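See below for the structure under consideration.
Note that ligands are numbered from 1 as they come in the structure, with each ligand's atoms numbered from 1 the same way. This one's a predicted model, so the numbers in the text were calculated from it and none came from an experiment. What's counted below: heavy atoms across the whole structure, side chains too, no hydrogens, waters or symmetry copies.
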Amino acid sequence: MKQKHYVIGNWKLYLDREKSIEHAIAIEKNKSIVSSDALEIVVCPSHVNLDKISGINKSVSLGAQDCGFENSGAHTGQVSPDDLVSIGCEYVIIGHSERRYQLGETDDVINRKIIAALKSGLVPIVCFGETFEANEKGISGEFVKNQIKSAFEGVSLEDNQRVIVAYEPVWAIYPSKHVVTTQHVHEMVEIIHKTCSPVLGGAYSYCVVYGGSVTGENVANFIDLPGINGVLPGHASTDSSEFAKIIAIVNDML
Ligand code: 13P
């Protein structure tokens with residue numbers, strides 16, 4: 001069986017409510033943007049817009065950009081993974097570098113969120129990636145290995161549970177002007193597989209996607225690499241024609 005591919009659009013905080021709705025409608029109207037057995041398309045709007053977008057986007061799947069680590073209790077501002085499921089989410093991004101470095105989210109919190117998301121039946125899209133400084137020092141592999149080990153500590157996947165591992169070098173995320181080479185991504189993805197496979201189990205329990213300034217221009221370079229099963233565009237996924245272009249290219253390559 002060939003492993004599924006993914007195009008996951010992380011809308012971040014680029015679109016306000018009105019623009020999110022416009023974008024969702026444009027996606028729904030475009031008949032070429034449809035999930036299939038081979039390619040799953042996921043959109044991840046901001047939390048407050050999830051419910052609304054869930055009602056509009058029927059031909060693609062829905063993901064949240066974060067979740068809490070509990071479903072109820074004294075946890076001000078946290079979002080219950082169970083509630084995300086009840087409004088139609090199947091996926092949740094966890095451990096994005098913008099949460100790690102803008103909000104100080106720790107490895108321990110990320111680990112608890114992964115466990116909670118899995119328990120609620122969500123597929124966690126867990127982000128890993130070295131900082132600019134780590135890359136400059138030549139320690140990208142060690143950096144990401146440590147992140148992965150902490151994130152999945154105590155996690156053991158059941159038969160029906162899956163994880164998507166996103167490699168996102170922090171220094172290559174838009175609006176950074178640094179360009180990552182496919183050779184670097186290739187080397188890092190090999191390290192990621194070597195680290196994940198003993199922890200997460202067989203080839204069908206997890207897959208690796210790439211994120212970091214993915215556009216219609218460069219997506220083919222990443223999809224072409226062995227061990228990569230999709231992409232996680234941020235900025236480019238908020239433009240409906242660019243998002244459609246990325247999907248068309250990935251579809252052509254499957
Ligand atoms: P950009 O595609 O905007 O660089 O974002 C990548 C990312 O962080 C997706 O989660």
Side-chain angles (χ1 to χ4, degrees), residues 5-16 19-20 23 27 40-47 49-50 53 60-67 89-103 105 110 113-114 117 122-132 134-135 140 143-144 147-148 151 163-182 184-185 188-189 192 206-223 225 228-247 249-250:
H5 278 67
Y6 294 86
V7 173
I8 303 160
N10 177 4
W11 298 1
K12 305 193 178 186
L13 199 51
Y14 283 121
L15 307 174
D16 63 15
K19 290 208 177 78
S20 297
H23 188 42
I27 287 175
E40 178 114 9
I41 300 160
V42 185
V43 294
C44 304
S46 65
H47 275 144
N49 295 316
L50 274 170
I53 304 306
V60 299
S61 301
L62 191 68
Q65 296 179 16
D66 179 46
C67 69
C89 286
E90 291 174 68
Y91 297 85
V92 59
I93 297 172
I94 296 177
H96 195 283
S97 59
E98 285 147 16
R99 298 194 59 86
R100 291 178 192 258
Y101 303 117
Q102 293 172 11
L103 299 170
E105 197 162 287
I110 290 162
K113 288 182 175 185
I114 294 170
L122 290 162
V123 176
I125 302 162
V126 192
C127 301
F128 303 103
E130 77 280 11
T131 57
F132 178 80
N135 187 48
S140 303
F143 191 98
V144 168
Q147 282 185 327
I148 292 174
V163 167
I164 297 176
V165 173
Y167 172 53
E168 300 204 314
V170 179
W171 51 277
I173 292 176
Y174 181 90
S176 163
K177 296 272 180 281
H178 296 286
V179 179
V180 70
T181 62
T182 46
H184 180 81
V185 177
M188 290 300 294
V189 168
I192 289 169
Y206 80 96
C207 70
V208 178
V209 300
Y210 171 76
S213 298
V214 172
T215 62
E217 289 302 305
N218 63 22
V219 65
N221 303 337
F222 302 115
I223 294 293
L225 293 173
I228 287 199
N229 278 81
V231 284
L232 176 47
H235 189 254
S237 77
T238 60
D239 177 289
S240 13
S241 60
E242 190 67 17
F243 191 50
K245 191 173 165 188
I246 292 171
I247 290 162
I249 292 167
V250 176

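Residues passing the side-chain contact (heavy atoms from CB on, under 4.5 Å) test with V185, sequence neighbours excluded: Y167, V180, V189, Y210, F222, L225, I228. Partners of T181 according to the side-chain contact (heavy atoms from CB on, under 4.5 Å) rule, which considers only residues two or more places apart in sequence or in another chain, are Q183, H184.
Protein residues are said to neighbour a ligand when one of their heavy atoms lies under 4.0 Å from it; for ligand 1 these are N10, K12, H96, E168, I173, Y174, G212, S213, V214, L232, P233, G234, H235.
Distance CG/N135 to OG/S140: 4.0 Å, rounded to 0.5 Å. The CD1 atom of I223 sits 8.0 Å away from atom CG of N229, with the distance rounded to the nearest 0.5 Å.
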In a table with atom names and distances, give each donor-acceptor pair under 3.5 Å that connects a side chain of residues 169-177 to protein atoms at least two apart or in another chain.
residue : atom : partner : partner atom : Å
W171    : NE1  : E130    : OE2          : 2.9
S176    : OG   : W171    : O            : 2.5
S176    : OG   : H178    : N            : 3.0

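You'll find the side chain of V43 reaches within 4.5 Å of the side chain of L62, heavy atoms only.
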